[in-house]
2 protein chains.
Amino acid sequence: MSDVARLARVTPMTVSRALRTPALVSKATLARVEAAIVKTGFVPNYVAGSLSSSHSRIIVAIVPTIMNSVFSGMIEGLSEVLRSRNYQLLLGSTNFDLDVEEKLLREFLGWRPAGIVVTGRRHTRGARTMLINSGVPVVETWHLDGEPMDTVVGFSNYNAAYEMARSLIGWGYRKIALIYISAHNNDRSIARRDGYRKALADAGRKLDPGLECEVKFGVGAGRGAAARLLEARPDVDAIMCASDALAAGVLMECMRRGYSVPKDIAVTGFGDVELSAELVPSLTTVHLPRNEIGRRTAQVLLDRIAGDLPAASRYDCGFTIVRRESA
Amino acid sequence: MSDVARLARVTPMTVSRALRTPALVSKATLARVEAAIVKTGFVPNYVAGSLSSSHSRIIVAIVPTIMNSVFSGMIEGLSEVLRSRNYQLLLGSTNFDLDVEEKLLREFLGWRPAGIVVTGRRHTRGARTMLINSGVPVVETWHLDGEPMDTVVGFSNYNAAYEMARSLIGWGYRKIALIYISAHNNDRSIARRDGYRKALADAGRKLDPGLECEVKFGVGAGRGAAARLLEARPDVDAIMCASDALAAGVLMECMRRGYSVPKDIAVTGFGDVELSAELVPSLTTVHLPRNEIGRRTAQVLLDRIAGDLPAASRYDCGFTIVRRESA
DNA sequence: CTGAAAGCGCTTACAG
DNA sequence: CTGAAAGCGCTTACAG
């Protein structure tokens, strides 16, 4: 910056102003500074800028995994808005492990981010302490149920699963099984399971533990669970899955075994990724506004940073039951 | 840090040493400092550390999109290794637009990263200048063909497509169509198309422009292209796709139209994402070592930063033709 | 509209 | 093994 200043015959302070508040600099000076910047190929040092201004323009986001369109959709929405406002995304994935979340958080906090995004509402005690003491806005995403720590952006996993199960009941299915992702430390997963149970109970159906399969995530896990379920419980006429990937696996297993979907058995997903609409049969699922969750999260964070917004708000981005061919 | 120092009755310099080179601090002092760190909840300020040491522990990575298992697989490999060595990933996606790449690069360079990862070998003139002048190691990934700028980690898209096309010929297919992602500014895509053409030419087949479909990426694009191809060219007996997502779309369209794969028509992909092995029929495709590309890239970068490695190397992570049911 | 001084929180490069 | 001084490249908070 002092090189630029010398070339433009001003002090570094004026270069800094030309960059940040050009309105406060005279036209002639501004032109000289801009020419000098181009000539020197100067790139402002954000590290120095952040240190002296105590404001980093870095937003930290922690997700379970980016190997899933659901989360990458949110990340794309998030980073798009942030980039347009000259904020940068520091991204970490926990592989669904809350201890990893805590470690990532500790590392990331060293960069003194201007805001933090985490997934879900369950955190280790250490992580919770760091989040509260961080002194910056924190947004918890995806999971709306329960008492928020600061701000929450997402939808109700409980309600979404409840509605899907209720829809299946409404469509006439009698034995509805559930395949869901390991609920260990995963509050979204627990909520989906509980929503399913409540819908069945509300319809006067007896809960049947043999109809619930807890598995790892992924297409392969869905196939495996479907295989076991179809063998053990030929009375099942619908399989509700807590993710589209699981449902795709179930669909494939049904196809392998010569079951016709939805005639012999109905299948539903959760998430509505691109593939789901293209599958044969196309997948009945819960549409989640992934991109909007990301964009809204970014917006809230930026407004909070600007001081335009009170803490502790709650944004429900909603969900939609999308009925297609598979149920 | 001075709070910690006061509590431990040492100077900040000793706290810094206790954190970075504990071997140079006496046992007793170390214990006092550690206790003080816990008591104060001190989190080192990396912004200040980077500024004073002129070393940031930030690695910048720019990919076309994270909405694709292929790239997210690389990112996971990359960030896993980086995290284990206490480096952070600053991630950007260009949406396949080289101008966006240049803008991202300009922003990211402000953080004075310790290394840079880009996708492909084609960049705007401005981006190329910034990369060369950055003064830090640069790794270009995915695309091995041609003259490297600095270091390259990936595989030969040309060879992979060539081998797949040659395999199809060897398996007895006569009219092999190609569906590939828009080649505009996408060197990987161009190389795949050229590899396909060369394999056909080497087998003495005449090139037929009507057999090549250039489309956008995604399952839907694959379905659309398949629909057009199947209508226009009933003589086609194999469709080679330049990505697994395209191939999944083709498979779905074939199913809709009652074509039996591979009896009526063969389909192949490129990438080998998780779904591909589970599809019915399972997809014959090119397996890419996505995770390894990421890990190797991280390794090279870290070695280069440590000064253990000469510039301008070339790492071929290879590929494998995986024959499954679809061809 | 522009500048001189001080400081952000660390690390480097000595000195002892 | 520990510390005092200087500096990393900016911005803040004045002063003029």
Side-chain angles (χ1 to χ4, degrees), chain A residues 1-34 36-37 40-58 86 88 106-114 134-136 305, chain B residues 1-34 36-37 40-58 86 88 106-114 134-136 305:
Chain A
M1 186 178 264
S2 51
D3 290 350
V4 174
R6 209 171 307 123
L7 234 170
R9 283 172 290 119
V10 292
T11 56
M13 191 54 240
T14 301
V15 177
S16 173
R17 271 198 202 91
L19 251 22
R20 300 168 42 85
T21 50
L24 300 181
V25 177
S26 80
K27 270 224 150 65
T29 309
L30 198 57
R32 284 211 313 283
V33 171
E34 276 164 357
I37 286 175
T40 54
F42 171 69
V43 178
N45 187 328
Y46 293 158
V47 179
S50 300
L51 181 60
S52 59
S53 70
S54 316
H55 179 66
S56 73
R57 291 187 106 75
I58 280 184
N86 282 318
Q88 245 71 69
R106 197 180 304 282
E107 276 303 302
F108 285 164
L109 246 22
W111 288 102
R112 299 297 188 266
S134 70
V136 296
I305 290 167
Chain B
M1 186 179 264
S2 50
D3 291 350
V4 175
R6 208 172 306 121
L7 235 170
R9 284 172 290 118
V10 292
T11 55
M13 191 55 242
T14 300
V15 177
S16 173
R17 271 199 203 92
L19 250 23
R20 301 166 42 84
T21 50
L24 300 181
V25 177
S26 80
K27 272 224 147 66
T29 310
L30 198 57
R32 284 211 314 284
V33 171
E34 276 164 358
I37 286 175
T40 54
F42 170 69
V43 178
N45 186 328
Y46 293 158
V47 179
S50 300
L51 182 61
S52 59
S53 69
S54 316
H55 180 67
S56 71
R57 291 187 106 75
I58 280 184
N86 282 318
Q88 245 71 69
R106 197 180 306 281
E107 276 303 303
F108 285 163
L109 247 20
W111 288 103
R112 300 296 188 266
S134 69
V136 296
I305 290 167

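Side chains are part of it too, since the values below use all heavy atoms of this structure and drop only hydrogens, waters and symmetry mates. Order of the sequence lines sets the chain letters (A, B, ...), proteins ahead of strands, with each chain counted from 1. Please read these numbers as outputs of a predicted model, since none were measured by experiment.
Taking atom CG of A:L24 as the reference point, atom C1' of D:dA13 lies 14 Å away to the nearest angstrom. Regarding A:D3, its CG atom lies at a distance of 10 Å from the P atom of D:dG9, rounded to whole Å. Between B:R57 atom CZ and C:dT11 atom P the separation is 11 Å, expressed in whole Å. Counting to the nearest Å, the C1' atom of C:dT11 and the CG atom of A:L51 are 12 Å from each other. If you measure from atom CZ of B:R32 to atom C1' of D:dT2, you get 11 Å, rounded to the nearest angstrom. Atom CZ of A:R20 is separated from atom P of D:dC10 by 12 Å (rounded to the nearest Å). Look at CG on B:L19: it is 12 Å from C1' on C:dT11, rounded to the nearest Å. Taking atom CE of residue B:M13 and atom P of nucleotide C:dA15, one finds them 16 Å apart after rounding to whole Å.
Proximity note for A:V25 (side chain, C-beta onward) versus D:dG9, C:dT2, C:dC10: the nearest is C:dT2. When each of D:dG3, C:dT11, D:dG9 is scored by its nearest atom to the side-chain atoms of A:N45, the top-ranked nucleotide is D:dG9.
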Apply the test side-chain contact (heavy atoms from CB on, under 4.5 Å) to residues B:V47 and A:I58: give CA-CA distance (whole Å), side-chain angles for both, the deciding distance (0.1 Å), then the verdict. CA-CA 11 Å; B:V47 179; A:I58 280 184; over 6 Å; no
The test is side-chain contact (heavy atoms from CB on, under 4.5 Å); show your working for B:N45 and B:M1 and say whether it passes. CA-CA 9 Å; B:N45 186 328; B:M1 186 179 264; over 6 Å; no
Working note: A:Y46 + A:R57, criterion side-chain contact (heavy atoms from CB on, under 4.5 Å); need CA distance, chi angles, decisive distance, verdict. CA-CA 9 Å; A:Y46 293 158; A:R57 291 187 106 75; over 6 Å; no
Candidate pair B:V25 and B:V33, rule side-chain contact (heavy atoms from CB on, under 4.5 Å), full reasoning: CA-CA 10 Å; B:V25 177; B:V33 171; 5.7 Å; no
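When heavy atoms are screened at a 4.0 angstrom cut-off, A:S54 is found touching no nucleic acid atom at all. Counting any heavy atom pair closer than 4.0 Å across all strands shown, A:M1 reaches sugar-phosphate atoms only and no base atom. Among the protein residues, B:V47 comes within range of no part of the nucleic acid, since none of its heavy atoms lies under 4.0 Å from any strand. Here B:S50 lies out of heavy-atom contact (under 4.0 Å) with every strand.
Side-chain contact check for A:V43 versus B:R112: some heavy-atom pair is nearer than 4.5 Å. Contact check for B:L30 versus B:S26: no side-chain heavy atoms found under the 4.5 Å cut-off.
Between D:dT2 and B:T14, no contact under 4.0 Å exists linking OP1 or OP2 to a side-chain N or O. Side-chain nitrogen and oxygen atoms of A:R17 include none within less than 4.0 Å of the OP1 or OP2 phosphate oxygen of C:dC1. Dashed line: the shortest gap from a side-chain N or O of A:R112 to OP1 or OP2 of C:dG9 is not under 4.0 Å. Close to D:dA4, at under 4.0 Å from its OP1 or OP2, lies no side-chain N or O of B:T11.
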Secondary structure of DNA chain D in dot-bracket form (Watson-Crick or G-U wobble, distances below 3.5 Å, | marking inter-strand pairs): |||.||||||||.|||
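Comparing B:S53 and B:R9, the nucleotide of DNA chain D nearest to each residue sits closer to the 5' end for B:R9.
Scanning both residues, B:P113 and B:V136, for their nearest heavy atoms gives O-CG1, 3.3 Å. The nearest pair of heavy atoms linking B:S56 to B:W111 is CB-O, 3.9 Å.
No N or O donor and acceptor, one from the side chain of A:S26 and one from the base of C:dC1, sit under 3.5 Å apart.
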